[in-house]
Peer 1: 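Sharing a structure, written as structure tokens. Questions coming.
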Amino acid sequence: HSDQQEWRSSCRFELAKTAGAVPGSQVEEKAFSLVWHYRGAADQALAEAAASALVDRLLKLRRAWKLRELRVTQGHKTVEVSVRSVTKGEIMRRICDTRRNLGESFEAVLIAGDDVSDESMFDAADDDFLTIKVGQEDTRARYFVDTPEQLRAFLWRFVS
């Protein structure tokens, strides 16, 4: 679809321009989104300023193209632009409901995430799901750990 390609091309240009100006950052292309990652940037202050400027430019592009379905999200050391019309929580809910309807419910569900886009999964989780936020930000997860390393250590203890 040409509109899809046009927004993608314009947004890719903006993300690539930002990645070029912030050493250690990179652009990731996904099926329905583009993500600029700056976790590895040497100068985090520069990266944070670049992230804010990038979000502003992407929102201007969205208005100029009149693309209401285009979402711009600033996450944990990421800026994502997507046309995804469903959330991670809706997808997770659909998977769990399908299994339940087939009589094959999951025995246990663990949901862990470090990004604002993961909050929809925490929100949609059943009361008996184990939900873990990685990081100190406000969350709807029941538990949190500070770092990915702490999550890995917890999971290894859990399965040992």
Side-chain angles (χ1 to χ4, degrees), residues 1-12 14-15 18-19 25-41 47-48 51-52 54-55 58-59 61-63 65-160:
H1 184 259
S2 68
D3 285 349
Q4 162 87 359
Q5 294 305 84
E6 289 184 38
W7 80 257
R8 197 171 184 85
S9 175
S10 298
C11 292
R12 184 185 300 114
E14 292 298 332
L15 270 68
T18 303
S25 69
Q26 63 190 27
V27 176
E28 176 187 13
E29 294 215 25
K30 297 182 177 183
F32 299 101
S33 67
L34 298 167
V35 187
W36 176 58
H37 296 270
Y38 58 94
R39 187 179 311 246
E48 290 293 340
S52 294
L54 177 59
V55 167
L58 291 170
L59 290 174
L61 265 178
R62 182 177 73 182
R63 282 192 299 274
W65 287 78
K66 294 179 174 54
L67 293 169
R68 275 188 224 106
E69 71 277 6
L70 197 69
R71 287 202 294 200
V72 178
T73 311
Q74 189 164 359
H76 184 65
K77 305 216 184 277
T78 63
V79 173
E80 179 176 24
V81 58
S82 66
V83 291
R84 203 176 313 138
S85 57
V86 295
T87 66
K88 289 180 180 181
E90 291 167 324
I91 293 167
M92 186 258 328
R93 193 70 266 149
R94 215 176 290 161
I95 291 168
C96 292
D97 290 346
T98 299
R99 289 284 301 254
R100 187 177 303 118
N101 293 339
L102 293 171
E104 300 171 0
S105 293
F106 291 109
E107 288 183 34
V109 177
L110 172 114
I111 302 165
D114 68 350
D115 201 79
V116 69
S117 66
D118 299 317
E119 290 297 320
S120 66
M121 291 189 298
F122 302 147
D123 208 29
D126 289 348
D127 291 339
D128 62 340
F129 288 10
L130 180 58
T131 56
I132 305 171
K133 169 74 172 189
V134 179
Q136 290 283 340
E137 298 84 12
D138 284 340
T139 184
R140 290 180 287 250
R142 190 169 299 134
Y143 303 99
F144 75 90
V145 294
D146 290 324
T147 65
E149 293 75 26
Q150 286 180 346
L151 177 63
R152 279 192 292 278
F154 165 77
L155 292 174
W156 279 115
R157 281 195 308 273
F158 193 68
V159 298
S160 298

Peer 1: Test side-chain contact (heavy atoms from CB on, under 4.5 Å) on V81 and W7; report intermediate values, then the result.
Peer 2: CA-CA 10 Å; V81 58; W7 80 257; 4.1 Å; yes
Peer 1: Taking side-chain contact (heavy atoms from CB on, under 4.5 Å) as the test, write out the residues that go with T78, two or more places apart.
Peer 2: V35, H37, D115
Peer 1: Flag the pair E28 / Q26 as yes when at least one side-chain heavy-atom distance between them is below 4.5 Å, and no otherwise.
Peer 2: no
Peer 1: Looking only at non-hydrogen atoms, find the nearest pair between P148 and V134 and report the distance.
Peer 2: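 Taking P148 first and V134 second, the nearest heavy atoms are N-CG1, 3.6 Å.
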Peer 1: Checking Y38 now: which residues fulfil ring-ring contact (aromatic ring centres under 6.0 Å, His included) with it, not counting sequence neighbours?
Peer 2: W36
Peer 1: Can you see which heavy atom on A124 is nearest to which on G89, and at what distance?
Peer 2: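 Residues A124 and G89, closest heavy atoms: CB-O, 3.8 Å.
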Peer 1: Could you check whether R93 pairs with D126 (Lys NZ or Arg NE/NH1/NH2 to Asp/Glu carboxylate O, under 4.0 Å)?
Peer 2: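 Salt bridge between R93 and D126, a charged N being under 4.0 Å from a carboxylate O: yes.
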Peer 1: Report the residues that fulfil side-chain hydrogen bond (donor to acceptor under 3.5 Å, both in side chains) with T139, sequence neighbours left out, ordered by chain and then residue number.
Peer 2: E119
Peer 1: So does L70 get a backbone contact from the side chain of R62, meaning a donor-acceptor N/O pair under 3.5 Å?
Peer 2: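 Such a contact is found between R62 side chain and L70 backbone.
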Peer 1: Return the OG to CD distance between S52 and Q74, rounded to the nearest 0.5 Å.
Peer 2: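 Going from the OG atom of S52 to the CD atom of Q74 covers 5.0 Å.
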Peer 1: Working note: T73 + V79, criterion side-chain contact (heavy atoms from CB on, under 4.5 Å); need CA distance, chi angles, decisive distance, verdict.
Peer 2: CA-CA 6 Å; T73 311; V79 173; over 6 Å; no
Peer 1: Hey, are D114 and K133 close enough for a salt bridge, meaning a charged N less than 4.0 Å from a carboxylate O?
Peer 2: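 A salt bridge is absent here (no side-chain N lies under 4.0 Å from a carboxylate O).
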Peer 1: Could you state the interatomic distance from CZ (R8) to OG (S82), rounded to the nearest 0.5 Å?
Peer 2: 10.0 Å
Peer 1: Taking all non-hydrogen atoms of both residues into account, name the closest pair between V116 and G75 and its distance.
Peer 2: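 Smallest interatomic distance, heavy atoms only, reads CG1-CA, 4.0 Å.
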Peer 1: Can you confirm whether D138 is buried at CG, in the sense that more than 12 heavy atoms of other residues, nucleotides or ligands lie under 6.0 Å from that atom?
Peer 2: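 Counting neighbours around CG of D138, 12 or fewer heavy atoms of other residues, nucleotides or ligands fall under 6.0 Å, so no.
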Peer 1: What closest approach, in Å, do D118 and G113 show between heavy atoms, and which atom pair accounts for it?
Peer 2: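 Closest approach of D118 to G113, heavy atoms only: OD2-CA, 3.2 Å.
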Peer 1: Please report the C-alpha distance between R142 and L130 in whole Å, then the side-chain angles of each, then the deciding distance to 0.1 Å, and finally whether the side-chain contact (heavy atoms from CB on, under 4.5 Å) criterion is met.
Peer 2: CA-CA 7 Å; R142 190 169 299 134; L130 180 58; 5.9 Å; no
Peer 1: Kindly list each side-chain donor-acceptor pair under 3.5 angstrom involving residues 101-112, sequence neighbours excluded, with atom names and distances?
Peer 2:
unit_1, atom_1, unit_2, atom_2, d
N101, ND2, D97, O, 3.2

Peer 1: At what distance, to the nearest 0.5 angstrom, does CG of L61 lie from CD of E14?
Peer 2: 5.5 Å
Peer 1: How would you list, by chain and number, every residue that makes a ring-ring contact (aromatic ring centres under 6.0 Å, His included) with Y143, sequence neighbours excluded?
Peer 2: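 Partners of Y143 under the ring-ring contact (aromatic ring centres under 6.0 Å, His included) test: none.
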Peer 1: Apply the test side chain to side chain donor-acceptor pair (under 3.5 Å) to residues S33 and E80: give CA-CA distance (whole Å), side-chain angles for both, the deciding distance (0.1 Å), then the verdict.
Peer 2: CA-CA 7 Å; S33 67; E80 179 176 24; 3.0 Å; yes
Peer 1: Could you name each residue pair satisfying side chain to side chain donor-acceptor pair (under 3.5 Å) that touches residues 150-160, not counting sequence neighbours?
Peer 2: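 Non-adjacent pairs meeting side chain to side chain donor-acceptor pair (under 3.5 Å): E149-R152.
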Peer 1: Distance-only, no hydrogens or angles: does the R63 side chain make a donor-acceptor pair with backbone N or O of L58 under 3.5 Å?
Peer 2: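 Such a contact is absent between R63 side chain and L58 backbone.
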Peer 1: Looking at CG of L15 and OG of S25, how far apart are the two atoms once the value is rounded to the nearest 0.5 Å?
Peer 2: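 Spacing of CG (L15) from OG (S25) equals 9.0 Å.
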Peer 1: Which value, rounded to the nearest 0.5 Å, describes the distance between L151 atom CG and F158 atom CZ?
Peer 2: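 L151 CG to F158 CZ: 11.5 Å, rounded to 0.5 Å.
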Peer 1: Using the rule given for side chain to side chain donor-acceptor pair (under 3.5 Å), can you reason through S120 versus K88, listing the C-alpha separation, both sets of side-chain angles and the distance that settles it, and then say yes or no?
Peer 2: CA-CA 6 Å; S120 66; K88 289 180 180 181; over 6 Å; no
Peer 1: Quick check for you: to the nearest 0.5 Å, what is the distance between R100 atom CZ and I95 atom CD1?
Peer 2: 12.5 Å
